[in-house]
Amino acid sequence: MNPTLLPGHPHFHYREGELFVEELRLTDLARQHGTPLFVYSKAAMLAALAAYQRGFAGRKAKICYAMKANSSLALLQVFARAGCGFDIVSGGELERVLAAGGRPQDIIFSGVGKTRAEMRRALELGIGCFNVESEAELDVLSEVAVALGRVAPVSIRVNPDVDPKTHPYISTGLKGNKFGIAHDRAVAAYQHAAGLPGLKVAGIDCHIGSQITEPAPYLDAMERILDLVEAVEAKGIRIGHIDFGGGLGIAYNGDQPPAADALWQALFARIDARGFGDRQFMIEPGRSLVGNAGICVTEVLYLKPGEDKNFCIVDAAMNDLPRPAMYQAFHAIAPLRAGSEGARRYDVVGPVCESGDWIARERELAVHAGDLLAVMSAGAYCMSMASNYNTRGRAAEVLVDGTQSWLIRERETPAELMRSERLLPGS
Ligand SMILES: *Cc1c(COP(=O)(O)O)cnc(C)c1O
């Protein structure tokens, strides 16, 4: 029997009615490691990366994985070994890159609120570039660099003010949000940066939002960025690299985002036409490299039929899968054993004591207590956003490569959750 592919998930498929990741049966992994369990396909990660690599073939380009999407060490290792750099947003992420074997010079440091201590550590290690998000940050970074006797390579994150048509919480390139420097302030900010003793202007940077599913906002943003490169260089400040951020969407629910290679083909057509084709390009993809490479396997604990709604209560919750509660996000639900007999409409919810603790709404499912379900598209912004709310340990994680699997994170125990706490003295 031919394996049945799940749309948007080429490395997860049904074989004789059972859901597989690459060559392994997910039921076997769940039995071995328990649930909830995150499972990642290495082949899916590398295939997503390859689409970008094809888009940049023959160009000077660097792909910096935006690791906040999923910062588990083994995933970072996979990308480091495949030649990626990393886009980090905290000192903690910096230490993770080093722990996973990434090189400091392949790191770019984004984020609106870098502390002096974070800057100092990054300068001492010699990271590749600071993506600076405000004029005040330029001054502080220069001061910290001078005190260390270093020069900080900077790019300024500019706000191209294009609407990526995405959820308001994950749109970042419009005027009214906290990220970046306004387009019309950018030239002045570059002149300011060029005059500071601790800084060296290296490039320009933008990131317009997340889960972008159309090429138009990218094409518009690229034109606006190239306008700025021209304006800044007219002042005698050389822009060595153009960092175009991340944000490319994935298929959660039949979305059809452009493929990374097709998108970059379209972008390079514009870039070449304007004579910038020989610059160095950097990108910071997060979700599109890992989102559909991971799932979360969860067990059905109870079915609770009701007058208005039927609830399917599972052992994964908002602390494991925060996206529905945070953004009303959609995750497809796929049973580990296919079947549609006796299907009913359910809201899939977790055990956490919050009405916001739901994972999927109004889904036709043929389920019984004890069945296993896969929450699809759970590779990005799930484990990296997981919490210990309700003193729930974070789930275990497994990475699959063909017929092999590795436990890459053990399930957290209650003792681990309490380890850093201290009781009061006395009785
Ligand atoms: C979050 C973020 C990214 C990655 O965004 P995705 O939508 O996951 O690709 C890239 N760059 C910056 C600065 C970010 O904040």
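Below, all heavy atoms of this structure are taken into account, side chains as well, without hydrogens, waters or symmetry copies. Each ligand, and each atom within it, is numbered from 1 in the order the structure gives.
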According to salt bridge (charged side-chain N to carboxylate O under 4.0 Å, His left out), who are the partners of Arg363, at least two apart in sequence or on a separate chain?
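With neighbours one apart ignored, the set is empty.
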
Mind checking what makes salt bridge (charged side-chain N to carboxylate O under 4.0 Å, His left out) contact with Asp139, not counting sequence neighbours?
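With sequence neighbours excluded, Asp139 shows a salt bridge (charged side-chain N to carboxylate O under 4.0 Å, His left out) to no residue whatsoever.
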
Residue of the set Asn131, Asp243, Ile225 for which side-chain contact (heavy atoms from CB on, under 4.5 Å) holds with Cys206
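Going through Asn131, Asp243, Ile225 one by one, the side-chain contact (heavy atoms from CB on, under 4.5 Å) with Cys206 is satisfied by Ile225 alone.
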
If we only count heavy atoms from C-beta on, is the Pro104 to Leu98 side-chain gap below 4.5 Å?
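Yes, at least one pair of side-chain atoms sits under 4.5 Å.
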
Considering only heavy atoms, which protein residues lie less than 4.0 Å from any atom of ligand 1?
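Residues near ligand 1: Ala66, Lys68, Asp87, Ser110, Arg157, His207, Ser210, Gly246, Gly247, Glu284, Pro285, Gly286, Arg287, Tyr381.
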
Holding to side chain to side chain contact (heavy atoms under 4.5 Å, CB included), I want the full list of residues that pass it with Lys200, two or more places apart in sequence or in another chain.
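With sequence neighbours excluded, Lys200 shows a side chain to side chain contact (heavy atoms under 4.5 Å, CB included) to Val151, given in chain and number order.
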
Without hydrogens or angle criteria, can the side chains of Tyr252 and Arg287 be said to hold a donor-acceptor pair below 3.5 Å?
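Short answer, yes.
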
